[in-house]
Structures are given as structure tokens and as C-alpha cells.
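Nothing fancy with the numbering, it's 1 onward along the sequence. Keep in mind that what you see is a predicted model, and the values were worked out from it rather than measured.
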Amino acid sequence: MTDTTATATESAQKPPLPDHLSIDPRSPHHVAAVFDHDIGITFNGKDRVDVEEYCVSEGWIKVPAGKALDRKGKPLLIKLKGKVEAFYR
């Protein structure tokens, strides 16, 4: 019975996951409080660990395109469209 109470308390402390989230702190879609917890992304039924940005309502994720970098040294991103689900692990 205490395990259920502990789980309910932990979920109450976690902020709701936004519809659009980015790991880049310069982005207007970056929410620092969400990154205090481990986040999982499921894309088309498969867990992805390389997601840089996602939007659930529009159904896309952005992932690095290989080892290519832009002129600022950040990875080049490609947008993949499909079914996106975000959750806390």
C-alpha cells in the first residue's frame, strides 16, 4: 500500500509534459523543470533515445542526422513524422 502512495506522490511532483519540447536551452520550447526527471519518447511504437525535439500534436520528432554538424558545432537535425508519445520513465 505504501508503494502506491509513493508513486502517487512522485507523479504529483512531476510537471505535466508539454505538447512541444526541446532540449536546447535557447529554444522557446525548452522547459527546464521537465528535465529534472527522466523522459521517454516512443516514435511509431519504438523507444527513441536520440530525440532533440518533439511535438505530439503535429506528430514529429527531430533527431541528429549522422555525425554532420552545423557551423556552430551543433548536430544537424532531421524531422521525422509519425506517431509520437512522451512519458516519464
Side-chain angles (χ1 to χ4, degrees):
M1 187 174 227
T2 57
D3 293 302
T4 308
T5 308
T7 307
T9 305
E10 288 177 9
S11 63
Q13 295 174 354
K14 295 179 183 176
L17 284 171
D19 176 60
H20 188 163
L21 184 65
S22 174
I23 65 168
D24 184 7
R26 298 177 297 161
S27 171
H29 301 290
H30 180 79
V31 181
V34 172
F35 293 107
D36 291 340
H37 310 285
D38 193 21
I39 300 170
I41 303 294
T42 303
F43 180 69
N44 289 337
K46 297 181 182 176
D47 285 341
R48 298 289 301 249
V49 295
D50 59 346
V51 176
E52 299 270 333
E53 187 172 352
Y54 74 83
C55 184
V56 175
S57 63
E58 295 178 13
W60 56 262
I61 62 172
K62 288 187 180 180
V63 295
K67 295 183 180 180
L69 302 175
D70 67 6
R71 63 180 181 222
K72 296 179 183 177
K74 302 236 182 234
L76 288 177
L77 302 177
I78 57 173
K79 185 187 280 189
L80 303 175
K81 294 186 178 188
K83 184 179 178 190
V84 179
E85 298 174 23
F87 58 92
Y88 285 113
R89 293 181 190 228

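A perpendicular orientation is assigned to the rings of H20 and W60, their planes being inclined by more than 60° (bins at 30° and 60°).
When all heavy atoms are compared, the tightest approach of S22 to H30 is O-ND1, 3.1 Å.
A 4.5 Å side-chain heavy-atom check between H37 and R89 finds every atom pair outside the cut-off.
A donor-acceptor pair under 3.5 Å is formed between the side chain of D19 and the backbone N or O of S57. No donor-acceptor pair closer than 3.5 Å links the side chain of D47 to the backbone N or O of T42.
Between D24 and R26, at least one side-chain nitrogen of the basic residue sits less than 4.0 Å from a carboxylate oxygen of the acidic one, meeting the salt-bridge criterion.
Taking Ile, Leu, Val, Met, Phe, Trp and Tyr as members and joining any whose side-chain heavy atoms lie under 4.5 Å apart, directly or through other members, the hydrophobic cluster of L80 also contains L17, L21, I23, V31, V34, F35, I39, I41, F43, V51, Y54, V56, I61, V63, I78, V84, Y88.
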